[in-house]
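Following: one structure in structure tokens, then a few remarks.
Hydrogens, waters and symmetry mates play no part in the numbers below; they use all other heavy atoms, side chains included. Protein chains get the first letters and strands the later ones, always in sequence-line order, with residue 1 at the start of each. Computed from a predicted model, the values in this text were never measured in an experiment.
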2 protein chains.
Amino acid sequence: MARKKSQTESNTEAAETARRAPMRDFSRSLPMSLLRAREAVMRQFRPSLRNHGLTEQQWRILRALTTVDAIEVTELARVAFLLGPSLSRILRDLEARQLIERRTAKADLRRAVVSISAKGLKLIEAVAPTSEAIYAEITSRYGARKLAELQDMLGVLERSLVAMEVAGEESGEIEE
Amino acid sequence: MARKKSQTESNTEAAETARRAPMRDFSRSLPMSLLRAREAVMRQFRPSLRNHGLTEQQWRILRALTTVDAIEVTELARVAFLLGPSLSRILRDLEARQLIERRTAKADLRRAVVSISAKGLKLIEAVAPTSEAIYAEITSRYGARKLAELQDMLGVLERSLVAMEVAGEESGEIEE
DNA sequence: CAATATCACTTAACATGTTAATCATATTCC
DNA sequence: GGAATATGATTAACATGTTAAGTGATATTG
């Protein structure tokens, strides 16, 4: 875990040292690499979405809804990769803004079925050109082939971790 | 785009169709690939961190602090890849839990300098073995070489987007 | 068929992400 | 030197991430 300073230290000097060569190892961890890469990508999209009054997650949901006639909430959560509570809140807001429509399944009153509204479709169509242009620019800068390869590798990584059971509960907190 | 149902459809059937082959294209976008990969990785670490009363971000901060004697808040934000407001809140909490120490720079009263406390170091040392074991397991499953290659590609992606000015303000919009 | 478990959300509570505004100190420029 | 401006950090406000608990509907079981 990177050697620490040893004895009597001057903090000013240490701060200067840190400014010059700061924590190479730490910032190279896999989670950090993924986080920074994703942030670099999303930084490109956010301003455009914001101009249309949409957050990243709201856009994910509307975008997903354009590819189906209707979909149940749980399935939508899976596809848009959102947790239930987040999705619940966002759907409430999108429904209030009349960008989506929601109704209850007749066969099972527990289930709600969601679909995009005409207004929602119009909004998506307004945003899509810019988004696609940005995506094309990213692809062009990074290289289409390399991009496909990267996504393959990410998919493999994801699948190789699915089987890996969560290792967390080492120290016995068995109760409950 | 996954063929849609054709004519007279019962919504139940449509939902079933979506369950089987849902939105391949959408879930293959780069942001989604990165998000899912990162989530797959973090899912391994979160339970262990949680057992020690730490969130992912709190751990990032403490971990970063172990590699320096002291560091200014802005620099810490850069290294731990957190926005100022998030860091501000987290530092307040970590300070209240006496896991870090904070003091004001003598030369510039605006700047705060943060360092990890003995208690914080002890906590990190308690978490580190499990974290390192998980990281080793991930590396082993995915392959060390492949992992290094993936991180290289992520770094290249990140750097190739830095130059890409944010769309929506085509370098025109100078001030205000 | 009634008690119970399970399921599909939804709410609650707290932590962080994100942008804008604020506050105090530093720096610049006249 | 002092007003204008810039900078470091925090606070505010709102949206989402995350886990736990709640609610109503459906499935299971005895």
Practice problem: Just compare dT19(D), dG17(D), dA15(C) and give me whichever is closest to any side-chain atom of Arg50(B). | Solution: dT19(D)
Exercise. Please work out if Ile90(B) contacts a base, only the sugar-phosphate, or nothing of the nucleic acid, heavy-atom cut-off 4.0 Å.
Key: sugar-phosphate
Quiz item: Taking NZ, NE, NH1 and NH2 as the nitrogens, is one of them in Arg141(B) or Glu137(B) under 4.0 Å from a carboxylate oxygen of the other?
Solution: yes
Exercise. Compare the minimum distances between each of dG17(C), dT18(C), dT11(C) and the side chain of Arg92(A), then state the nucleotide with the smallest one.
Key: dT11(C)
Quiz prompt | Those residues that, when tested against Arg110(A), pass side chain to side chain donor-acceptor pair (under 3.5 Å) (two or more places apart) | solution = Asp108(A)
Quiz item: Expressed in angstrom and rounded to an integer, what is the separation of Trp59(A) atom CH2 from dT16(D) atom P?
Solution: 15 Å
Quiz item: Taking the side chain as C-beta and beyond, is there a heavy-atom pair between Met32(A) and Gln151(B) under 4.5 Å?
Solution: no
Self-check item: Whole angstrom value for the distance that separates P of dT18(D) from CG of Leu82(A)
Solution: 10 Å
Quiz item: Could one point to a donor on the side chain of Arg46(B) or the base of dG17(D) with an acceptor on the other under 3.5 Å away?
Solution: no
Quiz item: CG of Leu54(A) versus P of dT16(D): gap in Å, rounded?
Solution: 10 Å
Quiz item: Nearest of dG17(D), dA20(D), dG17(C) to any side-chain atom of Pro85(A)?
Solution: dA20(D)
Practice problem: Mind checking salt bridge (charged side-chain N to carboxylate O under 4.0 Å, His left out) for Arg102(A) and listing every partner two or more places apart, or none if nothing turns up? | Solution: Glu95(A)
Practice problem: Ignoring the backbone of Thr55(A), work out which of dT19(D), dT16(C), dA15(D) is nearest its side chain. | Solution: dA15(D)
Below 3.5 Å between N/O atoms, which protein atoms pair up with nucleotides 7-9 of chain C? Just atom names and distances, please.
residue, atom, partner, partner atom, Å
dC7(C), O4', Arg110(A), NH1, 3.4
dC7(C), O2, Arg110(A), NH1, 3.1
dA8(C), OP1, Arg111(A), NH2, 3.0
dA8(C), O3', Arg110(A), O, 3.4
dC9(C), OP1, Ala112(A), N, 2.8
dC9(C), OP2, Thr74(A), N, 3.1
dC9(C), OP2, Thr74(A), OG1, 2.8
dC9(C), O5', Thr74(A), OG1, 3.2

